[in-house]
Amino acid sequence: MTEPESQFESVDAMPPPPRRDEGRLAVAWRELKKAPFSAKIGLIIIVTYIFVALFAPVIAPYGESEIIGPQFELAEKAPPFGTDHLGRDMFTRLIYGARNTVGIALVTTVFAFMLGGTLGILAATLGGWMDQLVSRTVDVLMAIPALIFAMLLLTIFGTSVVNLIIIIGVLDSTRVFRIARAVSLNVVVMDFIESARLRGEGLGWITLREILPNIMPPLVAEFGLRFCFVFLTISALSFLGLGIQPPTADWGSMVRDTSTLITYGELVPLLPAAAIAILTIGVNFVVDWFLHKTSGLKDEH
Amino acid sequence: MLIQRLSLGLLTLFVVSVIIFLAVSMLPGDAAQAMLGQAATEETVEALRKRMGLDQPPYIRYFTWLGGILQGDFGTSIANGREISELLGGRFVNTIHLAVFAAVISVPLALILGLLAALYRNSIYDRSVNVVTLSSISTPEFFVAYILILLVSVKLGWFPSLANVSPDTPFAERLYKTFLPAMTLTLVVVAHMMRMTRAAIINLLASPYIEMAALKGINRRRIITHHALPNAWAPIVNVIVLNLAYLIVGVVVVEVVFVYPGLGQLLVDSVQRRDLPVVQACCLIFAATYVLLNLIADILSILTNPRLLHPK
């Protein structure tokens, strides 16, 4: 008669089960409140950028490529940041940059993940010739450094936004493929995959129900990091004059256009560069928090 | 396993050269047209095409091109008619110099920082290093470069903002002039390498056999050096070599910012001038370096991992 008692005790000692009416949003909100300071900053940054990108025409005092005064006007005469090399308002261009640069980078990353993630998991699961074929193709694509290959391809196909998205997306999907394949390979050799195979589960079940949940944390984290990478690549290309083309407001080309001012000790060229940096830092903070949360469960000791 | 990987590496090099060759020959218009401009008559363009061998089928041009390169002959530049090998020589040395300079600083730094962060996980040190590296990983090279120029060069005047070296610049002066570009590359690369090192080790420390070792009562240092590190080498070596490859490429932006006469700047200039032979040569050199480094990464991880050395 001791056993029921001890069971009763253990139930009593457990925390009360979550209330039924508590939805996913509430859980997310509770997690958010427990998030470290850096992650909160990161989230605030991301939300701010999204807001600015969505409401750019409302916030910006002038039009995207409107010329408002002489070139390189000082900040005092054209507050808050002065004008660029063509006399366009820096502040306005910075705001529109959020829409253009971030939007293009995001679309590119999503494209890269759909392509690379799918192929990576499939290659790890199927193995054999399919793995060989995709892996070797990826090897060849990755053998040419992304930035240089992108420069080459952009000169060939022309520097339109669609070309930029496709080229960077395909080139970056190779990195996603490698990571997805590598983490899947670690999972594929596990016993539970073996037993799922012996149970007779199909490819869809094994990839989606057995492998995907186990590689999700690194993949989600990777998404944040890849976004940053794509974002930086596009900015670098624009900085070199091969990315997003004028008159579209874009942070990379803005740095290039105003870079001569740096030798006079002016801060203006650093503003668009800082806009790029702050967003990537914000994303990284959130990714880091996520990584910490997902790995924290595994290694409490 | 090793021989297989080596031959695959050679094959990759071959395929890459084909891709680069084909990609460049897909450029709109051709070199002869580009050189003579729109005003040239059809006959003169045709004559130049013949003289440059552009009228031959692609596969013949490919093997002529490859054969020349294997003998150290990259052809001549369209823009100024100079031998490309002459253009490349000094610049390649400059780029390698910059990459090695950055690597010598960044690799040991990253390994030590990463190992410490993994060992003293969640300590104040770990958290602050984390925030700092996250921030520097997130910044574009040109941002880091311009901040360094503004602070160290314009405000303090310690180092020059232009890295204008020539072949007969003495080594010490060369180091002095390339200090800022090398620092820029270091700051960008260290963070990434360090975080990957930390992640690799933490990942290992979470595995059951480490727990087993801890439960046996083995002290922490021995667990790290004898149990965790042997298995961590493969990912760490991979990270290092990939970052070295990144250094070779990352130099493009940095070279442009600091007007450093390296391969990257030559590439950017040549792409803008549509100087096809030079673009081909630069891409091939970058790609070949990258292939070789990747090959080394794979070979090292095979050698350091018994499970890969003796596959089932």
Side-chain angles (χ1 to χ4, degrees), chain A residues 36 38 42 136 139-149 151-158 182 218 225 228 231-232 235-236 239-242 251-252 255-256 259 262-267 269-270 272-274 276-285 287-288 291-292 295 298-301, chain B residues 8-9 11-13 15-16 19-20 23-24 26-28 122 127 130-131 134-135 137-144 146-147 149-150 153-155 161 195 199 202-203 205-207 211 214 245-246 248-250 252-253 256-257 264 267-268 271-272 274 279 282-283 286-291 294:
Chain A
S38 63
R136 293 297 80 81
D139 276 356
V140 169
L141 285 178
M142 283 183 77
I144 305 174
L147 189 69
I148 282 155
F149 205 9
M151 279 166 63
L152 194 62
L153 293 176
L154 280 170
T155 344
I156 294 165
F157 296 110
L225 297 179
C228 296
F231 187 49
L232 293 177
S235 306
F239 174 74
L240 296 174
L242 295 165
W251 293 331
V255 178
R256 167 197 172 87
S259 65
I262 199 86
T263 40
Y264 302 105
E266 287 279 336
L267 284 170
L270 293 180
I276 297 168
I278 290 170
L279 178 61
T280 32
I281 291 173
V283 172
N284 267 318
F285 279 162
V287 168
D288 196 53
L291 270 182
H292 193 79
S295 72
K298 272 186 278 173
D299 46 26
E300 276 307 322
H301 56 277
Chain B
L8 263 174
L11 185 70
T12 314
L13 266 179
V15 178
V16 163
I19 288 183
I20 289 174
V24 172
M26 273 160 65
L27 276 168
N122 294 334
R127 281 184 205 168
N130 206 11
V131 170
L134 261 182
S135 311
I137 219 172
S138 321
T139 48
E141 288 106 337
F142 49 82
F143 185 46
V144 179
Y146 282 127
I147 287 182
I149 288 181
L150 187 69
S153 179
V154 177
K155 300 273 182 208
S161 67
R195 290 177 69 81
I202 284 180
N203 206 8
L205 290 180
S207 42
E211 187 176 12
Y246 176 79
I248 295 281
V249 183
V252 175
V253 172
V256 169
V257 171
L267 176 63
V268 174
V271 167
Q272 275 157 2
R274 302 251 324 264
V279 172
C282 289
C283 284
F286 275 120
T289 316
Y290 204 76
V291 170
N294 273 309

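Residue numbering restarts at 1 for every chain, and letters A, B, ... go by the order of the sequence lines.
Looking at heavy atoms from C-beta onward, A/Arg136 lies out of side-chain contact with B/Val15 at the 4.5 angstrom threshold.
Of all non-hydrogen atoms in A/Ser235 and B/Phe142, the two that sit nearest each other are O-CE2, 3.9 Å. Taking each heavy atom of B/Phe143 and A/Leu270 in turn, the nearest pair found is CE1-O, 3.6 Å.
Taking the six-membered ring where tryptophan is involved, the planes of B/Tyr146 and A/Phe239 are perpendicular, since the angle between them exceeds 60° and thus also 30°.
With a 4.5 angstrom heavy-atom cutoff, B/Phe286 touches chain A via backbone and side-chain atoms both. Proximity to chain A (any heavy atom under 4.5 Å) is shown, for B/Arg127, by neither the backbone nor the side chain. Heavy atoms of A/Leu232 lying under 4.5 Å from chain B belong exclusively to its side chain. With a 4.5 angstrom heavy-atom cutoff, B/Leu11 does not touch chain A via any of its atoms. Both the backbone and the side chain of B/Val291 come within less than 4.5 Å of a heavy atom of chain A. Neither the backbone nor the side chain of A/Ala182 comes within contact range of chain B; no heavy atoms are under 4.5 Å apart. Heavy-atom distances place both the backbone and the side chain of A/Phe285 under 4.5 Å from chain B.
The distance from atom CG of A/Leu240 to atom CG of B/Leu267, rounded to the nearest 0.5 Å, is 9.0 Å.
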